[in-house]
Amino acid sequence: MTRPLRSVRVHDFDLEQTLDCGQVFHWRRDGAGWIGVIGEHALRVEQRGEELIVPAGMETIAAHYFALDHPLAEICASFPDDPAMAAARDFCRGMRIVRQPAWECLATFITSSMKQVAHIAQISHTLRRRYGRCVKWDGAELFAYPAPEAMARLSETELRTCALGYRAKNLLGAARMIAEGQVDLAAVAAMGDAAARVELCRLPGVGEKVANCALLFGFERVRAFPIDVWIERVLRAIYFPRKRKVTARRLRDFSAGYFGEYGGYAQQYLFHYARKTWPRGGGKKLSPKKNGG
DNA sequence: CTCCAGGTTCCGG
DNA sequence: CCGGAACATGGA
């Protein structure tokens, strides 16, 4: 039994770049399309030129999730004018920051510390399959991300069997604090960026980087600028060439000022570009070219 | 086998 | 404030 399909008109949108850029980890390729879950809705999506094919009834949900209303041309035009940013903008054309549900985004990034993207995806799938609600899509079994309340009932030992390592304690602790109401994600959503970041950092396993990922990918804070190992390489190689002793604080202050009101988008474009085009462990080999700031 | 991965936390200068 | 080290697990 196949649901009828509908077409959503898209401009400045690239589904491949959007789902393969390392912002969300559970979507799987299915022929020319992708299969995944938006909240509690399982679906297959496929892009054909300027059309996004989705199951009937999912048009609005998909359009919201994929942030088709973000003014991408304006966003890209706001990026600082330097060679690296121009290359990233060209490489990532059509990539959008999707609107992930806050908890699954936050939880996923709690499990991301010191893990490769492939591992993060693996952990996400395991957690969904074992503890998430089953949502069917045309016969395929997909799973929603387990709610904080469901996760809070597990033991650390149980969670550890999902290959989480030391992250199990953090994920469980965060789930319990949220389930018990010690941290209210709905309240976080109503706070300013700085206050929201402080609040998220009260959760175990959530430091500045994970908090910024949650803010950017789960709370629509398009200015949040997560600095991970890749972005740190980019910043050092491109904007601080041949400089010794560039502190984390220096990188943070520079990023907050240099990349502008859509800094989070700029960050994700640089992240994806560097990860796909720089040699592994890269940065050192890249020619610095010109300094943009 | 060694190295590293979308870090956080704790500890000593 | 800053640099190091521990923390688990699995690809490359």
Side-chain angles (χ1 to χ4, degrees), chain A residues 17-27 88 92 95 97-98 100 104-127 155-175 177 183 197-219 221 224-237 240 243-255 259 263-285:
Chain A
Q17 300 280 17
T18 298
L19 291 181
D20 190 43
C21 72
Q23 64 174 318
V24 62
F25 303 93
H26 77 278
W27 289 87
C92 302
M95 188 179 97
I97 304 292
V98 309
Q100 296 181 53
E104 70 176 65
C105 176
L106 172 62
T108 300
F109 277 99
I110 287 175
T111 66
S112 76
S113 96
M114 296 302 292
K115 277 288 179 195
Q116 293 183 345
V117 168
H119 296 161
I120 302 168
Q122 176 102 41
I123 290 170
S124 171
H125 281 126
T126 301
L127 291 172
S155 68
E156 183 184 334
T157 307
E158 162 93 39
L159 262 187
R160 282 227 176 208
T161 64
C162 300
L164 281 172
Y166 65 87
R167 303 158 195 81
K169 180 194 276 281
N170 293 332
L171 182 60
L172 183 59
M177 284 183 71
V183 168
R197 184 159 32 242
V198 169
E199 188 66 8
L200 290 175
C201 285
R202 292 178 52 213
L203 297 165
V206 180
E208 187 160 308
K209 190 270 176 183
V210 169
N212 278 327
C213 283
L215 288 172
L216 176 59
F217 303 126
F219 288 92
R221 308 308 171 94
F225 196 98
I227 298 178
D228 72 310
V229 290
W230 279 99
I231 286 298
E232 181 168 343
R233 278 180 204 141
V234 169
L235 295 178
R236 288 180 187 280
F240 297 91
K243 282 276 206 311
R244 294 280 176 172
K245 313 245 321 171
V246 183
T247 65
R249 167 147 322 259
R250 182 79 186 90
L251 293 177
R252 185 171 72 79
D253 292 346
F254 168 76
S255 303
F259 292 99
Y265 257 93
Q267 179 274 158
Q268 196 58 17
Y269 274 51
L270 286 173
F271 172 84
H272 185 51
Y273 168 65
R275 219 169 67 82
K276 293 293 184 181
T277 65
W278 286 22
R280 177 173 169 258
K284 290 169 191 163
K285 285 185 173 179

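Numbered from 1 within each chain, the chains take letters A, B, ... in sequence-line order.
Summarising the geometry, the separation between CD on A/E208 and P on B/dG7 is reported as 14 Å, rounded to the nearest angstrom. In this structure, A/R252 atom CZ and B/dT8 atom P are separated by 13 Å, rounded to whole Å. The distance from atom CG of A/L200 to atom C1' of B/dT9 is 17 Å, rounded to the nearest whole Å. Atom NZ in A/K169 sits about 12 Å away from atom C1' in B/dT9, given to the nearest Å. The distance from atom CD1 of A/I123 to atom C1' of B/dA5 is 11 Å, rounded to the nearest whole Å. Protein atom CG of A/L171 is 16 Å distant from nucleotide atom P of B/dG7, rounded to whole Å. A/L235 has its CG atom 16 Å from the P atom of B/dG6, to the nearest Å. A/F217 places its CZ atom 13 Å from the P atom of B/dG6, with the value rounded to the nearest Å.
Side-chain contact between A/K169 and A/P204 is absent, with no heavy-atom pair separated by less than 4.5 Å. Put simply, the side chain of A/V117 reaches to within 4.5 Å of the side chain of A/R275, judged on heavy atoms.
A/I231 comes within contact range of at least one nucleobase, with a heavy-atom separation under 4.0 Å. Among the atoms of the strands shown, only primed sugar atoms or phosphate atoms (P, OP1, OP2) are found under 4.0 Å from some heavy atom of A/G205.
Taking atom P in both C/dG10 and B/dT9, one finds a spacing of 23 Å when rounded to whole Å. Look at the P atom in both B/dG6 and C/dC2: the space between them is 25 Å, to the nearest Å.
Scanning atom types as modelled, one donor and one acceptor separated by under 3.5 angstrom connect the side chain of A/Q268 and the base of B/dG6.
Nearest nucleotide to the side chain of A/R233, out of C/dG3, B/dA5, B/dG7: B/dA5.
For the atom pair NZ (A/K276) and CD (A/Q17), the distance works out to 8.5 Å, reported to the nearest 0.5 Å.
Here A/F240 and A/F254 bring their ring centres to under 6.0 angstrom of each other.
Stacking is not found between A/W230 and the pyrimidine-like six-membered ring of the B/dG6 base under the 5.5 Å centre-distance and 30° plane-angle cut-offs.
Aromatic ring pairs are classed by plane angle as parallel below 30°, tilted from 30° to 60° and perpendicular above 60°; the pair A/F225 and A/F259 is parallel.
Tested against A/L203, the residues A/L106, A/L171, A/V210 include a single side-chain contact (heavy atoms from CB on, under 4.5 Å) partner, A/L106.
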Taking N or O atoms only and anything under 3.5 Å, show me the protein contacts with nucleotides 8-12 of chain C, one pair per line.
residue	atom	partner	partner atom	Å
C/dA8	OP1	A/R160	NH2	2.7
C/dA8	O4'	A/Y166	N	3.3
C/dA8	N3	A/R167	NH2	3.3
C/dT9	O2	A/K115	NZ	2.8

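Residue-to-nucleotide proximity on DNA chain B shows that, of A/V206 and A/S112, the 5′-proximal contact is made by A/S112.
Of all the heavy atoms in A/I123 and A/C162, the pair that sits closest is CG1-O, 4.2 Å.
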